2 protein chains.
Amino acid sequence: MAKHDRDLSLLFHALADPTRRSILTRLAGTPAAVTDLAGPTGLRLPTVMRHLAVLEEAGLITSSKDGRIRTCAVVPQALDPVRTWLDEHRAIWEARLDRLDAFVTNVMKENGT
Amino acid sequence: MAKHDRDLSLLFHALADPTRRSILTRLAGTPAAVTDLAGPTGLRLPTVMRHLAVLEEAGLITSSKDGRIRTCAVVPQALDPVRTWLDEHRAIWEARLDRLDAFVTNVMKENGT
DNA sequence: ATCATGCTTAGCCATATCGCTAAGTATCAG
DNA sequence: CTGATACTTAGCGATATGGCTAAGCATGAT
């Protein structure tokens, strides 16, 4: 439970910036070099590097250097914890909405969670 | 597309803090008063108030005051934009993983999306 | 009227974030 | 070797964040 706290915080924080999200979107189709990623943002290279570092720390992207070119690529499974958190909470929230709190409690008992 | 940018940033930022996530979790089952929410965090009231303000600005909770007690409750649909963003990106990312980009494009055409 | 309770506001401090420039380092081309 | 390219590092400034205390205000109980 509390174990994933840091992961989640890093992930959510990484996703909280429009520039970083646009980088992720741009990176979705194909891996790209740092300069290619910087282009459309209109930001300077060091600034973009920082964003990439944040994304990499959160585990959302990987990068490797070939010659003088660093290529960045997306890490699809990285979003799993976010998705899990979302699913759990949506379940509880909607249960509350439908006034089925008891039901949820029951399901959780059945799952042994 | 760019229209939801601010919403998403506010949402992700609100979710990036462990204290705020714990408040949301605590609030999942039942609405609660500010003091009740502050208790388990070990933080002072003004600090908790700030967290609540962030959550409310992001649309994740609502609050109303009855007498001198402010009661906070979760807003379940608030997570929809997050879920949407996640779904879209997971689709693209996994497509890339499985090298089935063409297939996804196809499905999207069939769905008229 | 008085006091306790529950929230609210104002303001301080430390640290983090996001942008930048300037000056590196490391390839690759000629 | 020289120069261009592609990143990298160092460090600065403005603003935002997350915590606090102290003091204020409104309501409920006595």
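In this text the structure is predicted, and so the values were computed from the model without any measurement.
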For the residue pair A:Met49 and A:Val34, what are the closest heavy atoms and their distance?
SD-CG1, 3.9 Å
B:Arg90 side chain to B:Trp85 backbone, donor-acceptor under 3.5 Å:
no
Figure out the CD1/P separation between A:Ile69 and C:dC28, and round it to whole Å.
8 Å
Indicate whether any N or O donor in one side chain lies under 3.5 Å from an N or O acceptor in the other, for B:Thr41 and B:Arg26.
no
Atom CG in B:Leu43, atom NE2 in B:His51: separation rounded to 0.5 Å?
5.5 Å
Nearest-Å distance for atom pair CZ/C1', residues B:Arg70 and C:dT9:
13 Å
Judged by modelled atom types alone, do B:Ser63 and B:Glu56 share a side-chain donor-acceptor pair under 3.5 Å?
yes
Are the charged groups of A:Asp36 and A:Arg70 less than 4.0 angstrom apart, N to O?
no
In this structure, would B:Leu24 and B:Leu79 fall into the same cluster of hydrophobic residues linked by side-chain contacts under 4.5 Å?
yes
Near DNA chain C, which residues from residues 58-66 of chain A have a heavy atom under 4.0 Å away?
none
What is the per-nucleotide protein-contact pattern of nucleotides 16-25 of chain D, from the 5' end, where B denotes a base atom under 4.0 Å from a protein heavy atom, S denotes such proximity for sugar-phosphate atoms only, and - denotes neither?
-SSSBBB---
Take atom CZ of B:Phe12 and atom P of C:dT17, then tell me their distance rounded to the nearest Å.
17 Å
Hey, what do you get for CZ (B:Arg20) to CD1 (B:Ile61), rounding to the nearest 0.5 Å?
10.5 Å
Do A:Leu27 and A:Cys72 make a side-chain contact, defined as non-hydrogen atoms from C-beta onward lying under 4.5 Å apart?
yes
Do any N or O atoms from the side chain of A:Thr71 and from the backbone of A:Ala32 form a donor-acceptor pair under 3.5 angstrom?
no
Detail all sub-3.5 Å separations between protein N/O atoms and N/O atoms belonging to nucleotides 1-5 of chain D.
{"from": "D:dT5", "atom 1": "O2", "to": "A:Arg68", "atom 2": "NH1", "distance (Å)": "2.6"}

